[in-house]
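Everything on this sheet refers to the single structure shown next.
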Amino acid sequence: MSKPVRKSRDLDHLMEQNSTELDFLSAYGGSSSHGDGSEIFSALRRFLKAGNVSFQLNAKETALSFDFGKASIEPTGCKVLFKGKNLPLVASDVLQHGFAHGKLTKQRTSCTVTMVEWGAEQRRFIERIVEFLNHDQ
């Protein structure tokens with residue numbers, strides 16, 4: 001007779017066992033509901049915190065500001081504004097899937113966009129801006 005095969009722990013069990021150590025992963029999680037500004041704002045907030053960006057929340061926790069911009073919950077998403085010299089962006093960056101009402105000044109000193117999703121494109125966009133503008137922090 002052969003020995004019974006010992007069942008190893010499955011992924012769900014390991015994640016449950018280590019859930020307290022995996023909270024940081026929520027900053028990099030999947031897409032939020034389309035157009036849910038509060039969920040997108042929360043994801044952005046966690047992402048900025050994970051990237052060591054200092055920010056201040058307003059009293060109602062519906063907006064935040066940081067040295068090079070601000071973000072707020074809007075009815076259709078999360079509006080962000082970045083200011084800086086020679087932003088590393090082109091107009092098509094704010095016209096990608098998951099973005100709405102994107103505007104980049106001709107001098108590339110200011111950018112506003114409403115994120116209507118929280119996905120890979122939005123994380124890369126924010127990460128690129130933060131890396132460029134937060135390097136002195």
Side-chain angles (χ1 to χ4, degrees):
M1 283 195 179
S2 64
K3 293 183 181 180
V5 177
R6 187 174 155 221
K7 184 177 180 184
S8 62
R9 295 187 213 176
D10 59 4
L11 180 60
D12 290 334
H13 176 76
L14 288 173
M15 288 182 70
E16 180 181 319
Q17 180 182 3
N18 297 304
S19 65
T20 57
E21 298 171 20
L22 300 175
D23 289 339
F24 73 94
L25 291 175
S26 64
Y28 305 96
S31 294
S32 294
S33 302
H34 182 77
D36 187 342
S38 60
E39 282 189 28
I40 297 168
F41 181 80
S42 292
L44 172 65
R45 191 171 147 188
R46 289 188 306 270
F47 196 74
L48 291 173
K49 186 176 180 181
N52 294 317
V53 175
S54 297
F55 57 84
Q56 298 78 37
L57 281 169
N58 71 352
K60 294 182 180 181
E61 296 191 2
T62 57
L64 60 83
S65 60
F66 39 91
D67 289 342
F68 49 91
K70 59 185 179 178
S72 61
I73 298 172
E74 299 292 321
T76 59
C78 177
K79 184 175 183 177
V80 293
L81 163 75
F82 294 110
K83 291 184 177 184
K85 292 183 179 180
N86 201 24
L87 294 174
L89 300 171
V90 294
S92 62
D93 288 328
V94 295
L95 301 174
Q96 300 180 68
H97 176 75
F99 292 105
H101 315 294
K103 294 179 184 169
L104 176 66
T105 60
K106 287 184 181 184
Q107 301 81 14
R108 296 187 347 214
T109 57
S110 178
C111 171
T112 58
V113 67
T114 301
M115 297 185 298
V116 296
E117 275 186 23
W118 183 252
E121 292 87 4
Q122 291 73 31
R123 289 190 303 275
R124 278 194 297 271
F125 174 79
I126 299 296
E127 185 175 46
R128 198 163 91 207
I129 297 294
V130 167
E131 184 177 299
F132 182 77
L133 296 172
N134 199 38
H135 67 289
D136 294 330
Q137 304 297 317

Enter the distance from [X]:[atom1] to [Y]:[atom2] here, rounded to the nearest 0.5 Å.
X: T112; Y: H101; atom1: OG1; atom2: NE2; value: 10.0 Å
X: E121; Y: R124; atom1: CD; atom2: CZ; value: 5.5 Å
X: S42; Y: E61; atom1: OG; atom2: CD; value: 9.0 Å
X: E117; Y: F99; atom1: CD; atom2: CZ; value: 9.5 Å
X: L48; Y: S54; atom1: CG; atom2: OG; value: 10.0 Å
X: R123; Y: M115; atom1: CZ; atom2: CE; value: 11.0 Å

Check whether any side-chain heavy atom of [X] lies under 4.5 Å from a side-chain heavy atom of [Y], and answer yes or no.
X: W118; Y: E39; value: no
X: F47; Y: I126; value: yes
X: Q107; Y: K85; value: no
X: T109; Y: L87; value: no
X: D67; Y: F55; value: no

Margin query: Could you see if F132 belongs to whatever hydrophobic cluster contains L44? Use Ile, Leu, Val, Met, Phe, Trp, Tyr and a side-chain cutoff under 4.5 Å.
Written below: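 Hydrophobic grouping puts F132 with L44.
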Margin query: When you group the ILVMFWY residues by side-chain heavy-atom contacts below 4.5 Å and let the links chain together, are L89 and L81 in the same group?
Written below: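 No: no chain of side-chain contacts under 4.5 Å links L81 to L89.
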Item checked: Donor-acceptor contact present, side-chain Q122 to main-chain G98, <3.5 Å ->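 Such a contact is found between Q122 side chain and G98 backbone.
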Margin query: Before you tell me yes or no, could you show the steps for T62 and F41 under side-chain contact (heavy atoms from CB on, under 4.5 Å), namely the whole-Å CA-CA distance, both residues' side-chain angles and the distance that decides it to 0.1 Å?
Written below: CA-CA 8 Å; T62 57; F41 181 80; 6.0 Å; no
Next item on the list: For N58 and L64, run side-chain contact (heavy atoms from CB on, under 4.5 Å): C-alpha distance rounded to whole Å, both residues' side-chain angles, the deciding distance at 0.1 Å, then the answer.
Entry: CA-CA 6 Å; N58 71 352; L64 60 83; over 6 Å; no
Next item on the list: Any pair with a residue in residues 88-111 that passes salt bridge (charged side-chain N to carboxylate O under 4.0 Å, His left out), sequence neighbours left out, goes on the list, sorted by first then second residue, please.
Entry: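 Listed by first then second residue: D93-R128.
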Where [X] and [Y] come nearest, the two heavy atoms and their spacing:
X: L133; Y: K83; value: CD1-O, 3.8 Å
X: V113; Y: A100; value: CG2-O, 3.6 Å
X: C78; Y: I40; value: CB-CG2, 3.5 Å
X: L104; Y: C111; value: CD1-CB, 3.9 Å

Next item on the list: Just say parallel, tilted or perpendicular for the rings of F82 and F66, cut-offs at 30° and 60°.
Entry: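 Rings of F82 and F66: tilted, as their planes differ by 30° to 60°.
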